[in-house]
Amino acid sequence: MHIRGDHTELVVGGRLDVRSAADARTVLHAAVDDGVGDLVLDLAELDSWDATGLGVIMGAHRRAGRCGRRLVLRSVPPQMQRLLVATRLHRILAIEGGLAAESLPRV
């Protein structure tokens, strides 16, 4: 896993899972604490994730809210979009540009 950027925009790549969660949490929390305004989390380079990785994102979202900031997800991979819809987290998280139509439940 790699994260690059600053306190306004971070690019997350590789695997965000149980092995990388602690390092990711440290970087995300520092970015939230050191900035103001929206913190954009670009997930275009994210290859895979697990429940722990999703928990890291949710923890950063909660921390940002407590700091008066907003965590915004950008370039969410289609598989993660479907997971966010299935878990209804798409209603809680800010997603730049919304979700692709194929990720939304059919009525």
Side-chain angles (χ1 to χ4, degrees):
M1 185 233 16
H2 65 272
I3 299 177
R4 66 179 188 280
D6 57 24
H7 56 271
T8 59
E9 182 175 342
L10 295 171
V11 177
V12 180
R15 298 175 61 126
L16 182 57
D17 57 18
V18 69
R19 290 182 298 271
S20 61
D23 292 336
R25 186 177 298 110
T26 299
V27 172
L28 291 175
H29 286 188
V32 167
D33 294 346
D34 293 342
V36 294
D38 288 353
L39 172 59
V40 176
L41 199 58
D42 189 321
L43 304 177
E45 298 177 15
L46 190 62
D47 296 326
S48 64
W49 58 90
D50 66 7
T52 307
L54 188 56
V56 169
I57 292 172
M58 290 306 300
H61 163 77
R62 285 189 300 274
R63 189 177 189 103
R66 286 193 302 267
C67 292
R69 298 187 72 186
R70 185 174 73 136
L71 183 72
V72 180
L73 303 182
R74 174 186 290 160
S75 302
V76 180
Q79 293 168 324
M80 183 179 267
Q81 289 183 25
R82 289 189 289 277
L83 176 64
L84 294 176
V85 169
T87 57
R88 298 186 181 201
L89 292 175
H90 71 291
R91 296 180 179 189
I92 297 169
L93 295 167
I95 301 171
E96 187 177 85
L99 294 177
E102 61 270 11
S103 298
L104 300 174
R106 299 196 192 324
V107 188

Novice: Output all residues satisfying side chain to side chain donor-acceptor pair (under 3.5 Å) with Gln79, sequence neighbours left out; order by chain, then residue number.
Specialist: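 Once residues adjacent in sequence are excluded, Gln79 has no partner under the side chain to side chain donor-acceptor pair (under 3.5 Å) criterion.
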Novice: List the atom of Asp47, the atom of Trp49, and the distance in Å for their closest heavy-atom pair.
Specialist: O-CZ3, 4.3 Å
Novice: Does any N or O in the side chain of Arg74 come within less than 3.5 Å of the main-chain N or O of Leu41, such that one atom is a donor and the other an acceptor?
Specialist: no
Novice: Quick check against the 3.5 Å criterion: does Glu9 have a side-chain atom that pairs as donor or acceptor with the backbone of Val40?
Specialist: no
Novice: Grouping I, L, V, M, F, W and Y whenever their side-chain heavy atoms are under 4.5 Å apart, do Met1 and Leu71 come out in a common cluster?
Specialist: yes
Novice: Which atom names give the shortest non-hydrogen contact between Ala31 and Leu10, and what distance separates them?
Specialist: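 For Ala31 and Leu10, the tightest heavy-atom pair comes out as CB-CD1, 3.7 Å.
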Novice: Show every side chain to side chain donor-acceptor pair (under 3.5 Å) that has at least one partner inside residues 23-32, sequence neighbours left out.
Specialist: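 Pairs touching residues 23-32 that pass the test: His29-Arg63.
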Novice: Find out if a path of hydrophobic residues (ILVMFWY) with successive side-chain heavy-atom gaps under 4.5 Å connects Leu28 to Val72.
Specialist: no
Novice: Kindly compute the distance separating OG1 (Thr87) from CG (Leu93), expressed to the nearest 0.5 Å.
Specialist: 8.0 Å
Novice: Determine yes or no for a side-chain-to-main-chain donor-acceptor pair under 3.5 angstrom, with Arg69 supplying the side chain and Val32 the backbone.
Specialist: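 Checking the backbone N and O of Val32 against the side chain of Arg69, a donor-acceptor pair under 3.5 Å is found.
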Novice: Give a yes or no on whether Leu89 and Met80 share a hydrophobic cluster (residues Ile, Leu, Val, Met, Phe, Trp, Tyr; joining criterion: side-chain heavy atoms under 4.5 Å apart).
Specialist: yes
Novice: Taking atom NE2 of His90 and atom CD1 of Ile92, what is their separation to the nearest 0.5 Å?
Specialist: 9.5 Å
Novice: Please name all residues satisfying side chain to side chain contact (heavy atoms under 4.5 Å, CB included) with His2, sequence neighbours left out, ordered by chain then number.
Specialist: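 His2 satisfies side chain to side chain contact (heavy atoms under 4.5 Å, CB included) with Arg4, Glu45 once adjacent residues are dropped.
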Novice: Tell me every residue that passes side chain to side chain contact (heavy atoms under 4.5 Å, CB included) with Asp50, counting only those two or more places apart in sequence or in another chain.
Specialist: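 If we apply the side chain to side chain contact (heavy atoms under 4.5 Å, CB included) test to Asp50, skipping adjacent residues, the hits are Asp17, Val18, Thr52.
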Novice: According to a hydrophobic-cluster definition based on side-chain heavy atoms being under 4.5 Å apart (Ile, Leu, Val, Met, Phe, Trp, Tyr only), do Val85 and Leu83 belong together?
Specialist: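 As far as the 4.5 Å side-chain criterion goes, Leu83 and Val85 are connected within one cluster.
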Novice: What residues form a side chain to side chain donor-acceptor pair (under 3.5 Å) with Asp38, not counting sequence neighbours?
Specialist: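 Asp38: side chain to side chain donor-acceptor pair (under 3.5 Å) contacts with Arg70.
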Novice: Examine Val12 and Leu54 and state if one hydrophobic cluster contains both, with Ile, Leu, Val, Met, Phe, Trp and Tyr joined whenever side-chain heavy atoms are less than 4.5 Å apart.
Specialist: yes
Novice: For residues 55-62, tabulate all N or O donor-acceptor pairs below 3.5 Å that involve a side-chain atom, not counting sequence neighbours.
Specialist:
none

Novice: Rounded to the nearest 0.5 Å, how far apart are CD1 of Ile3 and CG of Leu46?
Specialist: 9.5 Å
